[in-house]
**Q** 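Before I ask anything, here is the structure I am working with.
Values reported hereafter were calculated over all heavy atoms of this structure, with side chains retained and with hydrogens, waters and symmetry mates removed.
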Amino acid sequence: MKAHDGLYIDGAWRPAAGQDVIEVVNPVDEQVIGRVPAGVAEDVDAAVRAARAAFPAWAATPPAERAARLAALRDVLVARKDEVAETVTAELGSPLQFSQNVHAAVPIAVAGSYAEMAATYAFEEKAGNSTVLLEPVGVVGAITPWNYPLHQIVAKVAPALAAGCTMVLKPAEDTPLTAQLFAEAVHEAGLPAGVFNLVTGLGPVAGQALAEHPGVDLVSFTGSTAVGRQIGATAGAAIKKVALELGGKSANVILPSADLAKAVNVGVANVMSNSGQTCSAWTRMLVHRDRYEEAVALAATAAAKYGDRIGPVVNAKQRARVLSYIDKGVAEGARLVAGGTESPREQGYFISPTVFADVTPEMTIAQEEIFGPVLSILRYEDEEDALRIANGTLYGLAGAVWAGDETEAVAFARRMETGQVDINGGRFNPLAPFGGYKQSGVGRELGTHGLSEYLQTKSLQF
């Protein structure tokens with residue numbers, strides 16, 4: 001049991017204004033493993049005030065010194081990487097190896113990239129007779145989800161601090177222990193008081209208070225499109241900048257010339273990774289009609305190999321939500337070829353790896369984000385039909401294209417309405433911008449594009 005009584009505000013742990021707590025449940029055995037304070041508007045106000053007070057000095061800190069602080073933070077995370085992995089496994093249910101290789105390793109790489117970037121980024125540039133200054137936007141309110149608890153924190157905190165912003169973090173209530181560990185790392189790394197502040201709490205209470213606070217200059221949110229819409233409306237009323245990384249329904253397009261077995265196997269692995277709780281997962285597999293049944297058989301076999309080796313989904317509500325989509329798929333006429341609603345274990349929030357065939361573009365499971373280990377396989381007639389299906393949702397976050405010739409794959413990818421496309425299984429790149437088209441969001445994370453979200457522009461004419 002991990003019980004943390006405080007919120008991290010102005011460089012110290014302090015009691016919350018209220019007495020309510022949030023219980024953290026292990027999704028594997030449904031046991032309470034921790035408690036954290038449920039912060040309220042008063043706590044958010046204290047944190048924002050601390051961030052505002054710290055902003056002038058941090059913004060004036062030379063970029064090289066900010067880079068050194070970020071490097072120190074990265075080093076602390078490296079030293080505590082095993083603890084990070086164990087914490088994520090405990091509160092998210094992720095298999096330990098995946099937590100080590102992804103949940104701990106990726107944010108360390110991202111933190112390192114911004115430590116290097118802060119030291120070399122051109123915060124000034126010449127444009128004719130003008131000098132253009134790129135300055136920190138101010139105080140950032142960051143609201144992060146539970147599916148990649150440390151990565152989503154670092155993807156916001158590292159570029160914001162590199163830019164010279166100060167911030168308040170409100171993490172997801174399902175995975176607050178990882179956020180507390182991160183705050184401990186910030187303190188250990190020696191960041192000045194008030195530069196980073198943590199308020200754990202419920203979204204409708206602490207999250208809303210943070211989004212509405214007049215002392216916050218930018219709200220960076222990752223989560224559902226529905227909540228993102230609300231935050232965007234709130235920020236818009238105050239003419240406040242937002243960065244929104246929202247839902248996805250990404251297409252994995254397998255062109256006729258592709259290595260079908262490789263494309264299908266990698267595609268299934270992508271969907272099952274993190275128990276399907278990935279906004280950029282390729283949850284729609286598009287296959288030409290001539291090789292469709294072959295692809296379905298390959299996908300069913302691949303999914304069956306996962307069995308109960310994938311972790312659970314995060315909580316009972318999420319499990320019920322995913323199962324309801326599986327029921328909808330069956331009810332609307334899709335063919336269930338793997339998995340289903342029967343749980344692979346008696347205890348825990350587990351869902352069998354599920355694959356649907358004979359999915360048509362208008363079906364619910366082909367249009368809405370499920371956020372669980374559920375793959376839909378759609379048939380297309382020709383390349384134009386594939387493009388129509390791939391672009392035929394409200395989302396545009398990620399995707400993939402497979403072809404025997406890379407040029408062919410790139411030509412198709414250029415016509416996809418989505419923010420990121422992997423070509424023939426291209427590797428994750430922490431320097432590449434990540435974000436969506438359409439209702440998948442506004443703005444970008446990672447790399448120089450992620451840093452620019454936290455900057456505003458001033459020009460001096462001479």
**Q** Quick one: pull up CG in L451 and CG in L446 and give me the separation to the nearest 0.5 Å.
**A**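 If we round to the nearest 0.5 Å, L451:CG and L446:CG are 11.5 Å apart.
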**Q** Do side-chain atoms of K241 reach the backbone of Y454 as a donor and acceptor pair under 3.5 angstrom?
**A**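 No.
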**Q** Taking the side chain from N391 and the backbone from E417, do they hold a donor-acceptor pair closer than 3.5 Å?
**A** yes
**Q** Contact between S280 and F434 at the side-chain level, heavy atoms closer than 4.5 Å - yes or no?
**A** yes
**Q** Might you confirm whether atom CD of Q19 has over 12 heavy atoms from other residues, nucleotides or ligands at distances under 6.0 Å?
**A** no
**Q** Looking at G201, is its backbone amide N or carbonyl O close enough to the side chain of K170 to form a donor-acceptor pair, meaning the two atoms are under 3.5 Å apart?
**A** yes
**Q** Which residue, V195, V140, L198, forms the side-chain contact (heavy atoms from CB on, under 4.5 Å) with M167?
**A**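 Passing option: V140.
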**Q** Side chains of I143 and I231, heavy atoms from C-beta outward: is any pair under 4.5 Å?
**A**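 Of all side-chain heavy-atom pairs linking I231 with I143, at least one is under 4.5 Å.
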**Q** Is there a side-chain contact between V314 and L92 in this structure, where contact means two heavy atoms from C-beta onward sitting under 4.5 Å apart?
**A** yes
**Q** Does one side chain, of S99 or S94, offer a donor that lies under 3.5 Å from an acceptor on the other?
**A** yes
**Q** Considering only NZ, NE, NH1 and NH2 on the basic side and carboxylate oxygens on the acidic side, decide whether R444 and E453 come within less than 4.0 Å.
**A** no
**Q** Just by distance, with hydrogens left out, do H187 and Y8 show a side-chain donor and acceptor under 3.5 Å apart?
**A**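 Their side chains do contain a donor-acceptor pair, which is all the 3.5 Å distance test asks for.
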**Q** Can you confirm whether E30 is buried at CD, in the sense that more than 12 heavy atoms of other residues, nucleotides or ligands lie under 6.0 Å from that atom?
**A**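 Counting neighbours around CD of E30, more than 12 heavy atoms of other residues, nucleotides or ligands fall under 6.0 Å, so yes.
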**Q** Would you say D174's side chain and W146's backbone share a donor-acceptor pair under 3.5 angstrom?
**A** no
**Q** How about V271 and V374: do any of their side-chain heavy atoms sit closer than 4.5 Å?
**A** no
**Q** Can you tell me how far apart CG (L323) and OG (S343) are? Round to the nearest 0.5 Å.
**A** 8.0 Å
**Q** Are side-chain heavy atoms of E445 and P433 found at a separation under 4.5 Å?
**A**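 SC-SC contact between E445 and P433 ruled out.
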**Q** A cation-pi test, strictly: NZ or CZ of R319 under 6.0 Å from the centre of the six-membered ring of Y349 and no more than 45 degrees from its axis. Yes or no?
**A** no
**Q** Answer yes or no on whether R66 is positioned over the face of F123, meaning its NZ or CZ is under 6.0 Å from the six-membered ring centre and within 45° of the axis.
**A** yes
**Q** Go through the side-chain N and O atoms of S220 and K156 and say whether any donor and acceptor fall under 3.5 Å apart.
**A** yes
**Q** Is R14 salt-bridged to D5, cutoff N-O under 4.0 Å?
**A**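 So R14 does not pair with D5 through a salt bridge.
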**Q** Do side-chain atoms of Q456 reach the backbone of E135 as a donor and acceptor pair under 3.5 angstrom?
**A** no
**Q** Taking all non-hydrogen atoms of both residues, which atom of I9 and which atom of A50 are closest, and how far apart?
**A** CG2-CB, 4.2 Å
**Q** Can you measure from CD (Q152) to CG (L150) and round to the nearest 0.5 angstrom?
**A**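 Answer rounded to 0.5 Å: 10.0 Å.
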**Q** Indicate yes or no: at least one non-hydrogen side-chain atom of V106 is less than 4.5 angstrom from one of F428.
**A** yes
**Q** So F182 and F196, ring pair (Phe, Tyr, Trp, His ring centres under 6.0 Å) or not? Walk me through it.
**A** CA-CA 10 Å; F182 179 77; F196 170 84; 5.4 Å; yes
**Q** Output the distance between atom CG (L246) and atom NZ (K438), rounded to the nearest 0.5 Å.
**A** 14.0 Å
**Q** Please confirm whether the backbone N or O of G232 pairs with a side-chain atom of T234, one donor and one acceptor, at under 3.5 Å?
**A** no
**Q** CZ/R284 to CG/N252 distance, rounded to the nearest 0.5 angstrom?
**A**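 Atom-to-atom, R284:CZ and N252:CG are 10.5 Å apart.
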**Q** Answer yes or no: does atom CD of E42 have more than 12 heavy-atom neighbours from other residues, nucleotides or ligands under 6.0 Å?
**A** no
**Q** Hey, is the main chain of H449 close enough, under 3.5 Å, to the side chain of S452 for a donor-acceptor pair?
**A** yes
**Q** Can you name the nearest heavy-atom pair linking A51 to V168, along with the distance?
**A** CB-CG2, 4.3 Å
**Q** Taking the six-membered ring for Trp, are the ring centroids of Y437 and Y395 within less than 6.0 Å of each other?
**A** no
**Q** Would you sort out whether N147 and F371 count as a side-chain contact (heavy atoms from CB on, under 4.5 Å), showing the intermediate values?
**A** CA-CA 10 Å; N147 59 327; F371 228 61; 3.4 Å; yes
**Q** Apply side-chain hydrogen bond (donor to acceptor under 3.5 Å, both in side chains) to the pair T178 and E91, showing each step before the final yes or no.
**A** CA-CA 8 Å; T178 301; E91 61 182 354; 2.4 Å; yes
**Q** Decide yes or no for D45 and H213: does some side-chain heavy atom of the first lie under 4.5 Å from some side-chain heavy atom of the second?
**A**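 SC-SC contact between D45 and H213 confirmed.
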**Q** Between the main-chain N or O of E368 and the side-chain N or O of K249, is there a donor-acceptor pair closer than 3.5 Å?
**A**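 At least one qualifying donor-acceptor pair exists.
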**Q** A quick test of your reading: do over 12 heavy atoms of other residues, nucleotides or ligands sit less than 6.0 Å from CD of Q97?
**A** no
**Q** Restricting to non-hydrogen atoms, name the atom on A118 and the atom on A162 that form the minimum distance, rounded to 0.1 Å.
**A**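 Shortest heavy-atom contact: CB-CB, 3.8 Å.
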**Q** Would you call E23 and R35 a salt bridge, taking side-chain N to carboxylate O under 4.0 Å as the test?
**A** yes
**Q** Establish, from distance only, whether the side-chain atoms of K126 and T131 form a donor-acceptor pair under 3.5 Å.
**A** yes
**Q** Hey, are S459 and S130 close enough side-chain-wise for a donor-acceptor pair under 3.5 Å?
**A**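 Per modelled atom types, S130 and S459 side chains form no pair under 3.5 Å.
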**Q** Are the side chain of T166 and the backbone N or O of A54 linked by a donor-acceptor pair below 3.5 Å?
**A** no
**Q** Under the side-chain contact (heavy atoms from CB on, under 4.5 Å) criterion, do N274 and V102 qualify, and how do the steps go?
**A** CA-CA 9 Å; N274 208 40; V102 177; over 6 Å; no
**Q** Please give me the minimum heavy-atom distance between E188 and R80, naming the atom from each residue.
**A**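 Nearest heavy atoms, E188 then R80: OE1-NH1, 3.8 Å.
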**Q** Under a 3.5 Å distance rule, please check whether S250 uses its side chain to pair with a backbone N or O of W282 as donor and acceptor.
**A** no
**Q** Just checking, any donor-acceptor pair under 3.5 angstrom between side chains of Y148 and T278?
**A** yes
**Q** So, for N197 and D10, which heavy atoms are closest and what is the spacing to 0.1 Å?
**A** OD1-N, 2.8 Å
**Q** Using a 6.0 Å cut-off, check whether atom CZ of R49 has over 12 heavy atoms from anything other than its own residue.
**A** no
**Q** Taking all non-hydrogen atoms of both residues into account, name the closest pair between G215 and V139 and its distance.
**A** O-CB, 3.5 Å
**Q** Please report the C-alpha distance between L169 and I153 in whole Å, then the side-chain angles of each, then the deciding distance to 0.1 Å, and finally whether the side-chain contact (heavy atoms from CB on, under 4.5 Å) criterion is met.
**A** CA-CA 8 Å; L169 169 67; I153 290 171; 3.8 Å; yes
**Q** To the nearest 0.5 angstrom, please state how far the CD atom of Q318 sits from the CD1 atom of I370.
**A**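 One gets 10.5 Å once the value is rounded to the nearest 0.5 Å.
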**Q** Hydrogens and angles aside, do E184 and Q180 bring a side-chain donor and acceptor to less than 3.5 Å of each other?
**A** no
